Student: 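The structure's right below; bear with me while I get my questions together.
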Amino acid sequence: RWIVDEAGAPVTLRGVGARGLERPEPGGFAAAVDDERAGLLAGAGATVLSVAIAQDLALEGREDAEAEDYLEALDGTIATAAAAGLHTIVQLSLLSSVLPTGVRRSGDAFEPALPDPDSVDLWALLARRYADEPAVLFDLFRSPHAPGTADSLAFLLPQPTWSVWRKWLL
């Protein structure tokens, strides 16, 4: 019911999101925050850093960097946040870092309403990787929503219900 620290005291999560790992610049991957920025956040009273990630990069990497390089950048982000006393929420934000997202008049945006089967593999990988990290939390999918008009899922499932979303969580 509560998020608690190692002494069992409730933890209030207050913080900000760190961008950059869901659509990183070419040429490799870098941590989403550095020591200075994490220290400033903690000094301002933050207790958590939410880090948006891209599923394809964590599972497959890209032409100029391997998936392990991406995960090491996430490791560095988590370590930097922890050193500053911050929890980290790893948020599955994008299934694909290369397909366009957002509102498009043409309807060609790729913004899935639900995770996909590879998401289960991602969650398993991250759960194993951070099993011993008490300050790491997971936001399993950024925003389940009704499928867009260009989404083939709209015909089968016009609005994801709690029972559908619960199956993904389990």
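Everything numeric in this text was worked out from a predicted model, so none of it was measured.
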Student: Between L125 and L59, is a side chain to side chain contact (heavy atoms under 4.5 Å, CB included) present by the stated rule, with each step listed?
Tutor: CA-CA 9 Å; L125 170 76; L59 294 176; 4.2 Å; yes
Student: Compute whether any side-chain donor of one residue and acceptor of the other, for E22 and S97, lie under 3.5 angstrom apart.
Tutor: no
Student: Can you find a pair of side-chain heavy atoms, one from Q91 and one from V51, that are under 4.5 Å apart?
Tutor: no
Student: Quick one: are I78 and L74 in side-chain contact, heavy atoms under 4.5 Å?
Tutor: yes
Student: Same cluster or not: I53 versus V120, using hydrophobic residues (I, L, V, M, F, W, Y) connected whenever any side-chain heavy atoms lie under 4.5 Å apart?
Tutor: yes
Student: Spell out, as yes or no, whether a donor-acceptor pair under 3.5 Å connects the side chain of D64 to the backbone of G27.
Tutor: yes
Student: CD/E60 to CG/D118 distance, rounded to the nearest 0.5 angstrom?
Tutor: 7.0 Å
Student: Can we say E25 and R19 salt-bridge, meaning some charged N sits less than 4.0 Å from an Asp/Glu carboxylate O?
Tutor: no
Student: What pair of heavy atoms forms the shortest contact from V33 to A38, and how long is it?
Tutor: CG2-CB, 4.4 Å
Student: If you take all heavy atoms of A58 and L71, which pair is closest and at what distance?
Tutor: O-CD1, 3.9 Å
Student: To check you understand the geometry: which heavy-atom pair defines the closest contact between G15 and A46, and what is its length?
Tutor: CA-CB, 4.1 Å
Student: Check whether any side-chain heavy atom of T80 lies under 4.5 Å from a side-chain heavy atom of D34, and answer yes or no.
Tutor: no
Student: Is P24 close to R62 at the side-chain level, that is, under 4.5 Å between some pair of heavy atoms?
Tutor: yes
Student: May I ask you to check whether over 12 heavy atoms, not counting those of E68, lie within 6.0 Å of atom CD?
Tutor: yes
Student: Applying a strict under-4.5 Å side-chain criterion to I, L, V, M, F, W and Y, I'd like to know whether L21 and F138 cluster together.
Tutor: yes
Student: Give a yes or no on whether V90 and L13 share a hydrophobic cluster (residues Ile, Leu, Val, Met, Phe, Trp, Tyr; joining criterion: side-chain heavy atoms under 4.5 Å apart).
Tutor: no
Student: Quick one: do L92 and L49 end up in the same hydrophobic cluster if we chain Ile, Leu, Val, Met, Phe, Trp and Tyr together by side-chain heavy atoms under 4.5 Å apart?
Tutor: yes
Student: Measure the CG-CZ distance between D75 and R129 for me, rounded to the nearest 0.5 Å.
Tutor: 4.0 Å
Student: Are L140 and V48 connected, step by step, through hydrophobic side chains (Ile, Leu, Val, Met, Phe, Trp, Tyr) whose heavy atoms are closer than 4.5 Å?
Tutor: no
Student: Return the orientation label for the Y70 and F29 ring planes: parallel under 30°, perpendicular over 60°, tilted otherwise.
Tutor: perpendicular
Student: Mind checking whether R23 and L57 have side chains closer than 4.5 Å, heavy atoms only?
Tutor: no
Student: Show the nearest heavy-atom pair for residues A32 and A18, with the distance to one decimal.
Tutor: CB-CB, 3.9 Å
Student: Side chains of L95 and S119: does their closest heavy-atom pair fall under 4.5 Å?
Tutor: yes
Student: Does a side-chain heavy-atom distance below 4.5 Å link Q55 with D116?
Tutor: yes
